[in-house]
Amino acid sequence: MTTVTSPVTLPPGPTAPRAVQGAYALTQPLRGMRRLKDRYGDAFTVNVPIFGRAVVISGPAEIKQLFTAGPDLVDNLEVNLGRVLGPRSLFALSGDEHKRQRKLLVPPFHGRRLAAYEKIVEEETVRELATWPEGTAFATLPSMMRITLNAILRAVFGAEGAEFAELRELLPPFVTLGSRLAVAPISKKGRFNPWRRFERMRREYDAIVDRLIAKARAEEKDDVLSMMLQTRYDDGSGLSREEIADQLLTLLTAGHETTATTLAWAVERLRRHPALLDELRRDDKLLDATILEVQRTRPVIDLTARQVKQDGFRLGRWTLPKGYAVLVSIALIHDDDAVFPHAATFDPHRFAGARPDLYQWIPFGGGTRRCLGAAFATMEMSVVLRTLLRDFTLEPTSEPGERWHSRGVAYAPAKGGRAVVRRRTTIGGVS
């Protein structure tokens with residue numbers, strides 16, 4: 001029998017050598033994407049380091065088709081965040097193995113469990129906000145990083161202790177270095193390179209987790225680590241030490257930097273929209289819509305990706321060969337006036353009383369690989385901002401919006417989401 005393969009049809013794109021396209025992508029990441037869309041349309045082909053030959057898409061129909069395609073057609077990239085989070089991380093797994101582990105890790109971050117974490121997030125927020133200066137401009141991103149790191153550490157490991165303090169010290173530089181290595185085409189070969197430092201940090205992390213696992217097995221607690229130790233696959237087997245270590249690292253890293261960065265962007269956006277600030281002070285019913293709009297206009301991750309696993313994969317107008325990466329540009333679809341009318345305008349009212357379409361509003365990615373901690377992150381942002389607006393007056397500003405600054409994987413406000421605040425005074429129960 002002869003197999004007939006559809007001819008490859010790829011969208012147009014730049015023809016410059018890979019190194020040149022890579023340099024352009026590194027130096028002009030967001031602006032470059034917009035220029036390519038202006039020139040070639042909502043789909044174009046690029047050739048860049050790490051991803052290689054790839055098709056970038058931003059049309060809603062093609063994005064939905066990609067996110068709903070089965071793992072036999074498109075699945076995880078061969079080069080992915082597993083390089084820094086470990087081979088047993090959800091980011092590194094594909095197919096049935098990914099589905100199997102994801103099923104085990106969903107319960108701790110959904111439903112009734114979220115309510116138990118709200119108190120932790122509020123406590124950490126109040127503790128950090130107590131250090132804020134009044135009347136003086138300061139960057140909020142470091143504070144948001146501390147709040148989200150402490151909250152996820154407490155949710156994962158329970159009460160504080162020596163290991164908690166060690167992880168609080170280790171994780172910030174570990175995550176920063178890992179974020180940069182994840183997007184840099186640097187070989188692991190060679191004695192003197194950043195990977196050696198990263199590997200030393202990973203060994204420190206593994207030693208701490210080993211001690212925490214031993215403690216958790218000797219105690220009865222209801223934190224995430226204890227739940228992971230008790231959970232079982234369908235065949236009755238449990239997670240291995242390696243699986244637990246890699247999944248915990250995934251939760252700790254993905255669970256604090258991106259959320260903290262979005263919170264800093266929220267401060268940056270709110271200060272430039274005084275009418276919205278006034279509205280939120282009177283009634284915080286619009287707060288959830290505000291968070292959705294911050295994530296639409298300032299997505300901290302620009303790309304989510306799949307790799308073609310079968311020759312002749314039809315994606316809308318295109319037929320892609322096996323091995324090609326398909327990159328979904330989150331910023332481009334979020335900026336599309338045809339999808340979000342007046343997309344350049346920051347307007348939370350567009351989401352008031354409505355749930356976003358998860359094939360168009362995609363800050364957490366989509367499909368079977370959508371961020372596992374999306375519900376936790378949403379709860380956390382809501383609690384932090386509600387507490388901030390309850391306890392402080394956030395002073396508006398007429399300064400231009402902060403530029404986008406790449407921290408490796410995530411895009412943060414260049415000045416760290418600067419704020420000027422005044423503590424609210426309460427008289428007779430009214431502030």
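Numbers here are sequence positions counted from 1. Here the structure is a predicted model, which means the values were calculated and not measured. Every heavy atom of this structure was used, including side-chain atoms; hydrogens, water molecules and symmetry mates were not.
A donor-acceptor distance shorter than 3.5 angstrom exists from the side chain of Ser58 to the backbone of Asp42, with no hydrogens or angles considered. The main-chain N or O of Pro11 is found under 3.5 Å from a side-chain atom of Thr45 such that the two form a donor-acceptor pair. At least one donor-acceptor pair closer than 3.5 Å links the side chain of Thr140 to the backbone N or O of Gly417. Counting only distance, with no hydrogens or angles, the side chain of Tyr205 and the backbone of Ala245 share a donor-acceptor pair below 3.5 Å. The backbone N or O of Ile362 sits less than 3.5 Å from a side-chain atom of His334, completing a donor-acceptor pair. No donor-acceptor pair closer than 3.5 Å links the side chain of Glu62 to the backbone N or O of Gly316. Looking only at distances, a side-chain donor or acceptor of Arg271 sits under 3.5 Å from a matching main-chain atom of Arg418. The main-chain N or O of Asn76 is found under 3.5 Å from a side-chain atom of Lys309 such that the two form a donor-acceptor pair. Side-chain atoms of Ser237 do not come within 3.5 Å of backbone N or O of Tyr233 as any donor-acceptor pair. In this structure, Glu134 contributes its side chain and Arg423 its backbone to a donor-acceptor pair below 3.5 Å.
A salt bridge links Glu128 with Arg146: at least one charged nitrogen is closer than 4.0 Å to a carboxylate oxygen. Note on Arg386 versus Glu122: no salt bridge recorded, every NZ/NE/NH1/NH2 to OD/OE distance being 4.0 Å or above. Look at Arg200 and Glu204 and you find no salt bridge, because none of the NZ, NE, NH1 or NH2 atoms lies under 4.0 Å from a carboxylate O. Taking the charged nitrogens against the carboxylate oxygens, Arg88 and Glu97 do have a contact shorter than 4.0 Å, which makes a salt bridge. For the pair Arg202 and Asp206, the salt-bridge criterion is met [side-chain N within less than 4.0 Å of a carboxylate O]. Salt-bridge check for Arg127 with Glu123: failed, with every basic side-chain N at 4.0 Å or more from each acidic carboxylate O. Ion pairing between Asp278 and Arg281 holds under the 4.0 Å rule for side-chain N and carboxylate O. Checked for salt-bridge contact, Asp288 and Arg355 miss the test: no charged N lies under 4.0 Å from a carboxylate O. With respect to Asp75 and Arg369, a salt bridge is recorded, a charged nitrogen being found less than 4.0 Å from a carboxylate O.
Under the 3.5 Å distance criterion, with hydrogens and angles disregarded, no donor-acceptor pair is assigned to the side chains of Thr259 and Thr148. Of the N and O atoms on the side chains of Ser179 and Glu257, at least one donor lies less than 3.5 Å from an acceptor on the other residue. In this model, no donor atom of one side chain and acceptor atom of the other lie less than 3.5 Å apart for Thr345 and Asp347.
Across Arg196, Arg197, Arg203, a single residue satisfies side chain to side chain donor-acceptor pair (under 3.5 Å) together with Glu199, and that is Arg196.
Going from atom CE of Met228 over to atom CD1 of Ile213 covers 8.0 Å, rounded to the nearest 0.5 Å. Taking CG from Asn193 and CG from Leu181, the interatomic distance works out to 8.0 Å, rounded to the nearest 0.5 Å. Here the CE atom belonging to Met145 is positioned 12.0 Å from the CG atom belonging to Leu171, to the nearest 0.5 angstrom. Atom CG in Leu385 sits 12.5 Å away from atom CZ in Arg390 (nearest 0.5 Å). In this structure, CG on Leu252 lies 7.5 Å from CG on Leu149, to the nearest 0.5 angstrom. Atom CG of Leu85 and atom CG of Leu90 lie 10.0 Å apart (nearest 0.5 Å).
Residues Pro194 and Leu177 share a closest heavy-atom pair of O-CD2, 3.9 Å. Nearest heavy atom pair, residue Leu229 against residue Ala216, reads CD1-CB, 3.5 Å. Among all heavy-atom pairs drawn from Val339 and Gln360, the shortest one is CG1-OE1, 3.4 Å. When every heavy atom of Ala343 is checked against every heavy atom of Asp337, the shortest pair comes out as N-OD1, 2.8 Å.
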Report the C-alpha distance between Val267 and Leu388 in whole Å, list the side-chain angles of each, state the deciding distance to 0.1 Å, and finish with yes or no for side chain to side chain contact (heavy atoms under 4.5 Å, CB included).
CA-CA 10 Å; Val267 170; Leu388 165 58; 4.1 Å; yes

ring-ring contact (aromatic ring centres under 6.0 Å, His included) between His405 and Tyr411, intermediate numbers included
CA-CA 5 Å; His405 169 69; Tyr411 287 96; 8.9 Å; no

Evaluate the criterion side-chain hydrogen bond (donor to acceptor under 3.5 Å, both in side chains) for residue pair Glu279 and His349; output intermediate values, then yes/no.
CA-CA 11 Å; Glu279 192 171 358; His349 291 89; 3.2 Å; yes

Intermediate values then yes/no, ring-ring contact (aromatic ring centres under 6.0 Å, His included), Phe198 and Phe174
CA-CA 7 Å; Phe198 182 82; Phe174 191 26; 4.8 Å; yes

Would Arg269 and Glu293 satisfy salt bridge (Lys or Arg N to Asp or Glu O under 4.0 Å), going step by step from the backbone distance to the final call?
CA-CA 10 Å; Arg269 291 289 80 200; Glu293 183 71 343; over 6 Å; no

In sequence, state the C-alpha distance, the side-chain angles, and the governing distance for Leu280 and Leu287, and then conclude on side chain to side chain contact (heavy atoms under 4.5 Å, CB included).
CA-CA 7 Å; Leu280 289 171; Leu287 184 59; 4.3 Å; yes

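For CZ of Arg403, the number of neighbouring non-hydrogen atoms (other residues, nucleotides, ligands) closer than 6.0 Å is 12 at most. The local environment of CG in Asp96 is sparse, with at most 12 non-hydrogen atoms from other residues, nucleotides or ligands closer than 6.0 Å. Under a cut-off of 6.0 angstrom, the local environment of CZ in Arg317 is crowded, with over 12 non-hydrogen atoms contributed by other residues, nucleotides or ligands. More than 12 heavy atoms of other residues, nucleotides or ligands shown are found within 6.0 angstrom of CZ on Arg272. Annotation for Asp72: atom CG counts as buried by contact number, over 12 foreign heavy atoms lying within 6.0 Å.
Under the 4.5 Å side-chain criterion, counting only non-hydrogen atoms from C-beta, Arg407 is in contact with Leu141. The shortest distance between side-chain heavy atoms of Phe67 and Arg306 falls below 4.5 Å. Considering only heavy atoms from C-beta on, Phe346 comes within 4.5 Å of His273 through its side chain.
Ring planes of Phe44 and Tyr40: tilted class, angle from 30 to 60°.
A cation-pi contact, defined as under 6.0 Å to the ring centre and within 45° of the axis, links Arg298 to Trp265. Cation-pi check for Arg350 over Phe340 is not met; the charged atom does not lie both under 6.0 angstrom from the ring centroid and within 45 degrees of its normal. Figure legend: cation-pi geometry between Arg154 and Phe164 absent, as NZ or CZ is not positioned both under 6.0 Å from the six-membered ring centre and within 45° of its axis.
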